[in-house]
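Working notes, beginning with the structure itself.
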Amino acid sequence: MSEYRIQGATGEWEVVIGLEVHAQVTSNAKLFSGAATAFGAEPNTQVSLVDAAMPGMLPVPNMECIRQAVRTGMAINAQINKWSRFDRKNYFYADLPQGYQISQLYHPIVGEGSIEIQLDDKNPESLKTIGIERIHVEQDAGKLMHDQHPTMSYVDLNRSGVALMEIVSRPDMRSPAEAGAYLSKLRTILRYVGSCDGNMDQGSMRADVNVSVRRVSDKPGGEPFGTRTETKNVNSVRFVMAVVEQEARRQVAVIEDGGTVVQETRLYDPERNETRSMRSKEDAHDYRYFPDPDLLPLELDDAFLEECRASLPELPDAKRHRYETALGLSAYNAGVLTADVETARWFEALLAETAAKAKKPEAEVAKQAANWLISELFGALNKLGKGLDNSPVTPAAGAELLALVTDGTISGSIAKQVLEKMLESGDGAAAIVEREGLKQTSDTGAIEAAIDGILAANADKVEQYKAGKEALFGFFVGQTMKAMQGKANPGVVNELLKKKLA
Ligand code: ADP
Ligand code: MG
């Protein structure tokens, strides 16, 4: 695999990246209160007295949020800490009525784990393991609204107290592509597990991007890491990649100009595609962390952990492997179908229906179903600006169409037309074929007549074919199918053509 390098004026540079991802935990209630968490509610309608930090209110851990964090940890093969504790991170901000955030610094709930990324489906060499240092749970803050009044800012506390998982990677990534692949894979896993909806445009997942650069060297392990900057709250995979690229180039220029990189917090401006300094970086001791006296340590028993483990679905890597080995799909197709949990679900429903209709094991119809979904349905939906989530064609309807191809009622090319009509009308495949008279014909008389016409009109090509240019066979098949408006049974066409050309 070619390595990512930045060519500076004085030599080549390597970029080192670590991501801290904040993922909003999927839960109906907040981390320490019963208030609701629905996105897009009217400001300050989902705020309990705990979230507003009224005196005397006490936090009570929501075990559903804890469960989701544990399940996420298990999904990245991490160590789960049966004993963990909440700490207060103290700072003042108008969207933080408590004056501190309840977080976990010293004893996080999840310890070391890892995620595998693969930049190139076709190249197993491009597989790379990215270490994860920890996952802890913490409260989100509220939101300031500066656009409601000319001279005042408003605060919306709906988000105050919502549970977040902070997932901290090791500084193991070395290129924008690796950072993007890591974030996508993490999102995929969270969505499979169901612990976060992964909606980056709604802020359910946001990344703090830590970047440093160092000179390329042939020392084992390379030069020591350089000073890093942290670009906060980046909310798309594309932006994360852009931040890495821009920030690495900026740092190289600073160092080559004789300056030093300052450890600081930066912000990304997508419009100008640049990062800007926000504030110098504070250290953990600045926040005066201490154990939250309102909360007991969190102790998890084996029964709870077992329940968490038993509730995990088949995860993306395992599913992908199974699609390749047990179903015989190509690495590419298996990758596409497992990249999103909804796609995998749709495919598995299609596969089950297709196998049932064909009365065959799933492995025997998997390729057909996968190819149709990826090459036909995705393209057709794309044209309509739709996705599988709002597809007018259901898995059962797709299976009905595939069955008509399998039993020879229609040809593959007619199936494309039928699919378009299914998407337009919402009608079933069999009904459309019947109504439009699209049934494939095995009527040898009609097919023979068509073939005779084609061969007569292309006497020169017939001669070339007989002289050994066998590639022309496909041409004759194509012409015959065209003459039959796609409705001839391809098997019969092949057979008759061979006979006539022999
Ligand atoms: P903090 O909690 O102060 O942000 P951490 O040591 O926990 O600091 O690191 C935060 C993130 O920064 C982690 O994702 C880590 O991988 C990454 N990181 C640490 N050192 C570097 C470095 N030199 N270059 C790039 N990323 C780094
Ligand atoms: Mg940090």
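Residues take their numbers from the sequence shown, with the count starting at 1. Just so you know, ligand 1 is whichever comes first in the structure, and atom 1 is the first atom listed for that ligand.
- Those atoms of ligand 1 with a heavy atom of V16 less than 4.0 angstrom away are 24 (N), 25 (C).
- By the 3.5 Å distance cut-off applied to N or O atoms, V211 is not counted among the residues near ligand 1.
- The side chain of V168, and not its backbone, has at least one atom closer than 4.0 Å to an atom of ligand 1 (non-hydrogen atoms only; side chain from C-beta on).
- For S204 and D197, the side-chain atoms include at least one donor-acceptor pair closer than 3.5 Å.
- Ring planes of W83 and H107: perpendicular class, angle over 60° (limits at 30 and 60°).
- Within the 4.0 Å heavy-atom criterion, neither part of T227 lies near ligand 1.
- Donor-acceptor pairing under 3.5 Å is lacking for the side chains of N90 and Y289.
- The L19 neighbourhood of ligand 1 comprises atoms 14 (O), with distances under 4.0 Å to a heavy atom of that residue.
- Taking the side chain as every heavy atom from C-beta outward, Y192 and D340 never approach each other to under 4.5 Å.
- Interface atoms of ligand 1 facing R170, defined by a heavy-atom separation under 4.0 Å, are 16 (O).
- You'll find the ring centres of Y323 and F347 inside the 6.0 Å limit.
- Residues I66 and L298 meet the side-chain proximity criterion, which asks for heavy atoms closer than 4.5 Å.
- Residue F225 approaches ligand 1 through these ligand atoms, each under 4.0 Å from one of its heavy atoms: 23 (N).
- Annotation for ligand 1: atoms under 4.0 Å from non-hydrogen atoms of E20 are 4 (O), 10 (C), 11 (C), 14 (O).
- With hydrogens and angles left out, the side-chain atoms of Q104 and D87 include no donor and acceptor closer than 3.5 Å.
- For G226, a nitrogen or oxygen atom sits less than 3.5 Å from a nitrogen or oxygen atom of ligand 1, counting backbone and side chain alike.
- The nearest non-hydrogen atom to atom 1 (P) of ligand 1, considering only E166, E230, R228, Q263, comes from R228.
- Taking the centre and axis of the six-membered ring of Y100, the NZ or CZ atom of K89 falls outside the cone set by 45° and 6.0 Å.
- The S212 neighbourhood of ligand 1 comprises atoms 22 (C), 23 (N), 24 (N), 25 (C), with distances under 4.0 Å to a heavy atom of that residue.
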